[in-house]
Amino acid sequence: MTSAADSEQVRSEVKADAPAEQKPGERNDDRGLRKTREGLVVSDKMSKTIVVSLEDRVKHPRYSKVIRRTKKVKAHDENNTAGPGDRVLLMETRPLSATKRWRLVQILEKAK
């Protein structure tokens with residue numbers, strides 16, 4: 001039989017070997033399944049932060065018309081690479097500030 005200390009040491013070794021970076025749509029046991037969203041950058045006026053407009057299309061329950069709903073979220077952009085008009089891929093993350101809960105994964109299309 002193994003003691004609790006031995007099993008704890010094995011767990012810590014496994015976590016140390018696991019990669020810290022997670023790809024979109026991939027499950028990592030340390031981070032879990034994270035949401036990814038595609039959106040349009042609205043503003044990059046803040047340092048290391050971008051404001052992204054996320055569009056959601058829902059069908060009206062009674063009239064069956066497709067309604068476009070938008071929500072603006074703040075995302076972490078470590079290198080200040082994204083600019084207004086860029087199409088970006090975001091991933092959910094732990095709270096980085098009072099309003100920032102997303103991080104930039106990649107820029108899909110630069111603004112023209």
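For the residue pair Asn80 and Ser47, the shortest heavy atom distance occurs at OD1-C, 4.0 Å. Nearest heavy-atom pair across Pro84 and Ala111 is O-CB, 3.5 Å. Among all heavy-atom pairs drawn from Leu40 and Gly85, the shortest one is CD1-O, 3.6 Å.
Residues satisfying the side-chain contact (heavy atoms from CB on, under 4.5 Å) criterion with Arg37, sequence neighbours excluded, are Lys35, Leu54, Trp102. Among residues two or more places apart in sequence or in another chain, the side chain to side chain donor-acceptor pair (under 3.5 Å) test is passed with Lys110 by Asp86. Applying the side chain to side chain donor-acceptor pair (under 3.5 Å) criterion to Lys72, with sequence neighbours excluded, gives no partner residue. Listed by chain and number, the residues in a side-chain contact (heavy atoms from CB on, under 4.5 Å) with Thr81 are Asp77, Asn79, Leu104, Ile107 (sequence neighbours excluded).
Residues Ile50 and Leu108 fall into different hydrophobic clusters, defined by Ile, Leu, Val, Met, Phe, Trp and Tyr side chains chained together at heavy-atom separations under 4.5 Å. Under a hydrophobic-cluster definition in which Ile, Leu, Val, Met, Phe, Trp and Tyr are linked whenever side-chain heavy atoms come within less than 4.5 Å, directly or via other members, Val73 and Leu96 are assigned to different clusters. A continuous path of hydrophobic side-chain contacts links Met91 to Leu89 [ILVMFWY only; heavy atoms under 4.5 Å]. Linking Ile, Leu, Val, Met, Phe, Trp and Tyr residues whenever their side-chain heavy atoms come within less than 4.5 Å leaves Val105 and Val52 in two separate clusters.
The structure places OG of Ser97 at 13.5 Å from NZ of Lys48, a figure rounded to the nearest 0.5 Å. We find the OG1-CZ distance between Thr49 and Arg103 to be 14.5 Å, quoted to the nearest 0.5 Å.
Counting only residues at least two apart or in different chains, ring-ring contact (aromatic ring centres under 6.0 Å, His included) contacts with residues 67-92 are absent. Legend: side chain to side chain donor-acceptor pair (under 3.5 Å) pairs involving residues 59-70, not counting sequence neighbours, sorted by first then second residue: Glu55-Arg68.
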